[in-house]
Every structure is written in C-alpha cells, then in structure tokens.
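Lettering follows sequence order; numbering is per chain, from 1.
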Number of protein chains: 2
Amino acid sequence: MGKTHQPERAGVKEIARRANVSIGTVDRVIHNRTGVSEKTRILIQSIIKELDYQPNIMAQRLASKKNLRFTILIPGVSAETEFWKAPLIGIEKAEQELKPYGIHIEKYFFDQNDRKSFVGLTKKILKDGSDGVLLAPSFIGESAEFVTACQVAKIPYVLINSDLPEVDSLSYIGPDLFNSGYLSAHLAGYAIKEGKVLVVNISKDLDNDHHLLRKETGFNTYFKDKGISIKVVRADIRQTDDVFITQQLSAVFAAHPDIQGIFVTNSRVSAVARYLQQAEITDKLLIGFDFLKDNIEQLKKGTIDFLICQKPQEQGYKGIMALYQHLILNEVIEKVHFMPIDIITRENYAVYGN
Amino acid sequence: MGKTHQPERAGVKEIARRANVSIGTVDRVIHNRTGVSEKTRILIQSIIKELDYQPNIMAQRLASKKNLRFTILIPGVSAETEFWKAPLIGIEKAEQELKPYGIHIEKYFFDQNDRKSFVGLTKKILKDGSDGVLLAPSFIGESAEFVTACQVAKIPYVLINSDLPEVDSLSYIGPDLFNSGYLSAHLAGYAIKEGKVLVVNISKDLDNDHHLLRKETGFNTYFKDKGISIKVVRADIRQTDDVFITQQLSAVFAAHPDIQGIFVTNSRVSAVARYLQQAEITDKLLIGFDFLKDNIEQLKKGTIDFLICQKPQEQGYKGIMALYQHLILNEVIEKVHFMPIDIITRENYAVYGN
DNA sequence: TATATTTCCGTGTACGCACACGAAAGCGTA
DNA sequence: TACGCTTTCGTGTGCGTACACGGAAATATA
C-alpha cells in the first residue's frame with residue numbers, strides 16, 4: 001500500500017531525449033538564456049508545451065542557490081499601534097514557510113507620528129536594494145515617491161492595509177473600509193429603532209486618517225440608503241488618552257441624552273467602553289474595530305457588542321506570499337484583494353482565526 | 001542583490017563530520033533503522049539535538065519516491081446536500097498542493113439517505129488499503145465500526161463536520177455547533193425585544209440529526225442564560241419540499257401571530273425565506289446556516305438577515321493537510337479543531353472566503 | 001590554408017537526502 | 001587457524017534540476 005508510481009511527469013531528461021539534444025540545451029531554453037539556435041529553441045519549446053512540462057519544484061529549489069531578499073516597511077508596534085502586531089505575525093509565519101525556499105525578510109518599522117523616520121527607511125531600502133517590498137503606505141505623499149523609486153529600480157511592491165491611488169503595485173491587500181462601516185450601520189440598525197447614534201473618531205492625526213473617513217462614510221450611507229430616521233451624531237476626539245476621551249464623551253452625552261448606540265471608527269473602542277463602564281452607562285450598543293487584547297476584554301464583559309475585524313494577520317501573510325508567487329512561481333497576482341469583513345462577538349472570538 | 005547565502009543550516013554531512021561517522025550512519029539514526037551501535041546512536045542523536053537539525057524537505061521528498069494514498073469518504077453532492085460541495089473543493093485544493101509531494105487522493109461519496117452505500121464503501125476502502133482516511137461520520141454506528149477497523153489496520157483518520165465520541169481520531173475538524181446556536185440567539189436578541197422566536201428544524205431524518213439538536217440547545221441556552229423573556233416556539237418539519245414547508249409554517253404562524261424572528265437550524269433557511277416572501281411577511285428577522293447559492297440570493301434580497309457559516313471549504317482542506325502533516329512531516333496534530341463561526345450579511349458575503 | 005572568433009551545444013558536478021550494497025571487524029565454532 | 005555469521009558502518013548511486021566549463025562546428029579573419 002502506498003507505493004503506487006507517480007503518473008510519470010516528464011522532466012528535462014525526457015524533453016532532451018525527444019528533441020535529440022542534451023538536458024543542458026533544454027535548460028537554456030527553459031531559462032531563456034542565450035546559446036541556443038533559433039531552430040532548436042522553437043523545437044524544444046513546442047515539446048515543452050506538448051508535454052505540459054512543469055518543473056519539479058523540489059529539484060528546482062534544491063539545485064538553485066538563488067536567495068531572495070524581501071523587505072517590509074510597516075509601522076512599529078507600540079501601545080498606540082497594537083494593530084500592527086498582527087500583520088507582523090503573519091509576515092513571520094510566511095517567513096518561516098518560505099525560509100526553506102531561500103527567502104529572507106528584512107524588517108523595517110517606522111514611527112507613525114514621524115514622517116522622517118519613514119523617509120529615512122525608504123532611502124535605506126533603496127540603497128541596500130531588495131527583491132520585493134511590502135509596504136504600509138501610511139504617509140501618502142512619501143509612499144508615492146518611494147514606490148515610484150521602486151518602479152524605477154524594478155522592485156515589485158505590495159501594499160497592505162491602505163491603498164495608494166494610481167500606482168502600479170503588484171497587489172493591494174487590505175480592508176474594504178466603506179463596507180465595514182456600512183455593515184456596522186446595518187448591525188446598529190437592528191438594535192436601534194429610535195433616538196440617535198454616535199460616531200466617534202479618535203485619532204491624533206485625524207485629518208490625515210482617510211481610514212476613519214471611509215468607514216464613517218459607509219456608516220452614514222447605510223442610514224441614507226435605507227431612509228432610516230435615526231440621527232447620526234459625530235464626535236471627533238483628537239487625543240488618545242482616557243482622560244481626554246472621557247471628558248469629550250461626557251460632553252457629547254450631556255448634549256445628546258438620547259444616544260442609543262456608538263460606532264467607534266477604529267480600534268480605540270476599548271477606551272469608549274471604559275468610559276461607559278466608569279460612567280455606569282449600560283444598554284448602549286457599542287461597535288468598533290480590531291481584535292486587540294483590550295477590545296476582547298470588553299467584548300467578553302459585554303460592554304462592546306461587536307468588533308469588526310479584517311484578518312490583519314492574513315494581510316501580512318498574503319502580502320509576502322504574493323511576492324513569492326510573483327517572483328518564484330511566476331504566477332499572476334490579482335491587483336486588489338479585499339480581506340473578508342469578520343464580525344466578532346462574545347460567542348465566536350475564541351475560534352477567530354482558527 | 002539577492003545572492004546572500006542561506007544561514008547555513010547544518011545537514012547530515014555536518015552531523016556525520018562531528019560524530020566521526022559517515023552520513024550513512026547518521027541516516028540510519030535519523031530514520032531509526034537498525035545497524036547502529038547504541039553508543040554511536042546516542043552520540044549522533046545528541047548532535048542532532050544540539051544542532052537543532054531539520055531535514056531539508058526538498059531533498060527529502062526528492063530522494064524518497066514514497067507515494068501516499070489518502071482516501072476520503074464524504075456525502076455526495078446533490079441538490080439535497082449542496083453543503084458538501086465546499087469541503088470537496090477544499091479537498092481538491094489540498095490535492096493540488098500536495099500532488100508534487102507524491103500524494104494521491106481517492107474519493108468516495110456515499111448517499112446520506114442510504115446506510116448501505118456507506119457501509120459498502122467502507123468495506124471497499126478497507127480492502128484496497130489506504131495510508132490515511134478523511135471521514136464525514138454521518139452514520140454514527142457504521143462510522144464507529146469503520147474507524148475501529150482503521151485503528152486495527154493502523155490507518156490514521158480525520159473526522160470532519162461531525163465528531164464521533166470516544167474514538168482515537170487523528171483530529172476532529174468541524175463546527176462548534178452549540179456556540180453557533182448560542183451566537184444566533186445573541187443576534188436575535190438585539191432585534192427582538194418582545195414576542196416570540198421560532199426555531200425551525202427541517203430534515204427528513206430529524207431524529208438522527210444531532211447537528212440540529214446541538215444548535216437548538218445553544219440557541220435556547222442563550223435566552224435561559226440571559227433571563228430574557230422571549231418565548232421560543234419550535235417547529236419540526238420532516239419533509240424538505242417547499243409545499244410541505246409552506247403548509248407547516250402557515251400553521252405555526254396562524255397559531256403564533258406574534259413571532260418576531262425565525263432561527264432555522266440548518267441550510268434550509270432559503271425555503272423559509274421563500275415562504276415569507278410568498279406570504280408577504282416582512283420585518284421578521286431570519287437567521288440560518290451556510291453559504292449556499294439560494295441562501296445568498298435571499299440574503300441579497302434582505303429576506304435572510306444573517307447566515308452563520310463555518311468555512312466548509314477549509315474543513316476539507318485542513319483535514320487533508322492534517323493527514324499530510326502527520327504522515328510526512330511527523331508533526332503533532334491538535335485533536336480538536338473548531339472552525340471559526342462566521343457571520344455573513346449582505347455587506348460582507350462578497351468578500352467571504354477571501 | 002591556417003588561425004581566431006563566434007555560435008551552439010554536451011558533459012560534469014553539485015544540491016541534501018534515501019537507500020542498496022558491500023566491507024570490515026568482532027565473535028563463536030570446529 | 002580457518003571458516004562463517006552477525007553487528008556495525010562506509011561508499012556509491014540516484015532523485016530532477018541549475019550552471020560552469022569546455023569542446024566542436026560554423027563562420028570570420030589573416
């Protein structure tokens with residue numbers, strides 16, 4: 001049992017035999033190198049096509065000592081940017097898988113509050129060279145410049161988490177922001193039949209955070225589309241510490257006592273949850289983003305009702321894999337890859353990501 | 001760029017050098033074959049551990065011509081059992097990936113309404129032999145017998161979609177039924193604040209469908225846990241044609257005009273949706289299971305509000321991969337692998353499975 | 001015609017491992 | 001001592017491919 005013979009895929013040897021040449025010549029054709037007459041080249045190519053020859057990945061990787069260097073440039077992980085822990089884990093998973101294929105990953109982390117740190121690293125990457133880049137283009141202008149330089153240097157690059165308009169990236173892998181907001185509104189619509197809904201944006205650099213805006217637009221559009229009479233109140237909070245947030249929210253709730261639910265447009269939802277808890281406000285629907293430790297804590301307690309999550313780990317994983325598939329396997333990569341929009345509740349968070 | 005040398009993982013050669021033996025001897029130790037003195041065996045093993053030696057998968061697979069035959073036994077796909085299309089796709093994806101590693105999959109499909117077809121196929125599998133089995137144990141008794149026989153024949157097996165109590169499977173990969181019901185109740189609880197909720201079981205073989213019961217239990221438990229005063233009405237429908245379903249539901253709605261929402265415990269939710277549509281009943285919350293074509297149609301229309309889905313494709317994929325990891329990579333497989341519980345709505349179905 | 005240059009192609013080795021084969025050493029027996 | 005058997009281990013070959021090297025033939029140059 002279990003000794004059946006493989007369906008005898010033909011290899012270079014067989015091709016060489018049929019073409020009456022040596023395997024060396026076949027090899028030259030396969031890697032379209034020079035040194036083969038046009039006649040034999042065409043002959044061999046036709047045989048390759050006829051036999052539907054596919055190289056043995058094993059032997060190929062074994063024999064070639066070609067190593068590739070991928071480079072990633074994403075925000076560093078801090079309390080402020082815990083989100084980026086997940087993509088990094090995905091990247092490291094891909095790294096593990098691809099290590100035996102001779103692929104190495106150089107990791108650079110920039111400070112999301114410091115454009116210069118970003119630019120400095122892009123310069124370094126261009127100087128050192130790279131075979132493929134994975135980029136989180138937080139700073140739009142600077143990122144555009146960088147990818148243009150990559151283009152010139154013929155380095156393929158993949159964007160994750162945010163897209164860059166009108167650039168020729170190998171692929172964009174990230175969230176569908178609009179729909180995640182739209183979906184949140186749909187969920188809110190089930191629980192809230194009257195009164196108001198509060199949309200909360202919490203960010204130090206609010207004006208540059210197109211993420212939040214897209215989600216908010218999606219959220220508002222739902223109510224517009226459905227002709228629902230719920231009023232949407234908005235609160236922009238430009239500091240991320242609990243004290244400031246508490247202060248701002250108190251004011252909003254004082255002004256709008258009939259708020260029935262809250263939609264936080266990013267992962268800072270746990271701060272809002274803490275406010276509600278401390279202010280002993282219960283029975284308010286609370287929806288926010290991202291599978292972070294604090295958020296899950298509040299989800300378990302029931303303070304947060306729904307977390308919308310877009311598989312941040314897979315963003316990193318798939319980003320690296322896209323480079324691999326393009327550069328090693330010569331596969332065609334889809335230009336835009338939206339991540340699924342996952343709804344996390346108390347009941348399913350434990351199996352999320354299984 | 002891109003020609004850096006691999007971090008020089010040590011191979012058999014290096015181990016042999018350090019142990020002052022030939023690679024042949026090292027090889028014997030690695031595959032714990034006979035023909036090595038106890039002394040050198042221990043020496044070599046210690047060096048292996050010290051160097052954290054990991055064989056080069058490429059070279060390993062290349063040099064060994066060992067082929068494996070996996071066998072799957074799952075329900076055939078029909079209009080009645082469209083669900084099983086997805087696991088099969090996952091299995092075929094795994095098959096594609098593993099083909100270059102010399103793994104072949106023999107596929108057997110039984111009729112879910114015919115115990116004999118199942119038993120017949122199990123006999124055939126045992127007669128033909130196999131290196132690993134993937135089983136959907138729809139018929140509990142017969143499946144238990146089969147896996148016992150596998151045990152005796154030392155064939156590892158993986159169960160998908162339903163578990164079998166007290167058997168020594170390599171792994172169970174499938175849904176967490178109870179929590180999917182519990183989650184559904186939670187969702188229903190948002191929209192329904194008074195009146196009744198209807199639980200609908202639709203199955204020809206209802207008494208043997210432990211799936212439905214588990215989900216229903218989860219559903220009921222939620223309301224019990226939360227002390228919610230919503231009353232749960234139950235309808236068991238033992239025929240699957242639309243006419244019969246319509247008839248039964250009409251009776252239920254006549255008896256309970258204050259039903260606010262419906263929970264269908266399996267994928268037949270689209271039939272209920274069609275009933276609601278035809279009876280022009282709107283504004284009833286409708287929750288059901290599975291990413292099937294008909295269900296998605298109704299989801300798009302808004303008749304169905306939520307579909308609970310447990311990545312059926314991945315169940316097949318991961319099942320095969322578990323066999324591979326166990327037999328080829330000698331990895332340890334987790335005994336129970338619950339699939340994530342996904343919530344599908346109009347907004348996110350399009351990106352589901354990305 | 002002899003020699004240099006180019007074009008084309010075959011040979012050999014290496015990649016890391018599996019495994020068959022046979023050599024050498026140790027042991028006992030006649 | 002001679003012989004055979006067992007235990008222990010080294011050598012060699014092959015898996016399918018990549019690539020360096022060098023040889024032969026074709027062409028150009030003197």
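Under a 3.5 Å cut-off, the side chain of R18(B) and the backbone N or O of K13(B) do not form any donor-acceptor pair. Q310(B) places a side-chain N or O within 3.5 Å of a backbone atom of P340(B) that can act as its donor or acceptor partner.
Contacts of D27(B) with the nucleic acid, taken as non-hydrogen atoms under 4.0 Å apart, include base atoms. Residue G11(B) is in sugar-phosphate contact alone, with no base atom involved, counting any heavy-atom pair closer than 4.0 Å across all strands shown. Across all strands shown, T40(B) has heavy atoms under 4.0 Å from sugar-phosphate atoms exclusively, and none from any base.
In the set dA18(C), dC15(C), dC9(D), dC9(D) carries the atom at the smallest distance from any side-chain atom of R28(B). Comparing dC19(D), dG10(C), dC15(D) by their closest approach to the side chain of A63(B) singles out dC15(D). Comparing dG10(D), dA18(D), dC17(C) against the side chain of A59(B) picks out dC17(C) as the nearest. The side chain of P55(A) sits closest to dT17(D) out of dC9(C), dT17(D), dG16(C). Side-chain atoms of Y53(B) lie closest to dC17(C) of the nucleotides dC17(C), dG10(C), dT17(D). Closest to the side chain of L62(A), from the set dC15(C), dG10(C), dA18(D), is dC15(C).
Remark: P of dC17(C) and NZ of K13(B) are 9 Å apart, rounded to the nearest angstrom. Taking atom CD of E38(A) as the reference point, atom P of dC9(C) lies 11 Å away to the nearest angstrom. As a whole-Å value, the separation of Y101(A) OH from dT17(D) C1' is 15 Å. When rounded to the nearest whole Å, the span between NZ of K39(A) and P of dA25(D) equals 15 Å. Remark: P of dT7(D) and CZ of R41(B) are 14 Å apart, rounded to the nearest angstrom. Following rounding to the nearest Å, R33(A) (CZ) and dA18(D) (P) show an atom-to-atom distance of 8 Å. In this entry the distance linking CG of N32(B) with P of dC9(D) reads 15 Å, nearest Å. In this structure, M58(A) atom CE and dG14(D) atom C1' are separated by 17 Å, rounded to whole Å.
Checked by atom type, the side-chain pair E14(A)/Y53(A) shows no donor-acceptor distance below 3.5 Å.
Nucleotides of DNA chain C nearest to I30(B) and N20(A) differ in position, and the one nearer the 5' end is that of N20(A).
The side chain of S64(B) contributes no N or O atom lying less than 4.0 Å from OP1 or OP2 of dA18(C). One finds no side-chain N or O of Q60(B) lying less than 4.0 angstrom from the OP1 or OP2 phosphate oxygen of dG16(C). T25(B) has a side-chain polar atom (N or O) that falls below the 4.0 Å cut-off from OP1 or OP2 of dG10(D). Regarding contacts with the backbone of dC9(C), a side-chain N or O of S37(A) is found under 4.0 angstrom from either OP1 or OP2.
Considering only heavy atoms from C-beta on, I30(B) comes within 4.5 Å of V12(B) through its side chain.
L73(B) and F110(B) get closest at one heavy-atom pair: CD1-CD2, 3.7 Å.
The only member of L159(A), V158(A), I105(A), L170(A) that meets side-chain contact (heavy atoms from CB on, under 4.5 Å) when paired with L134(A) is V158(A).
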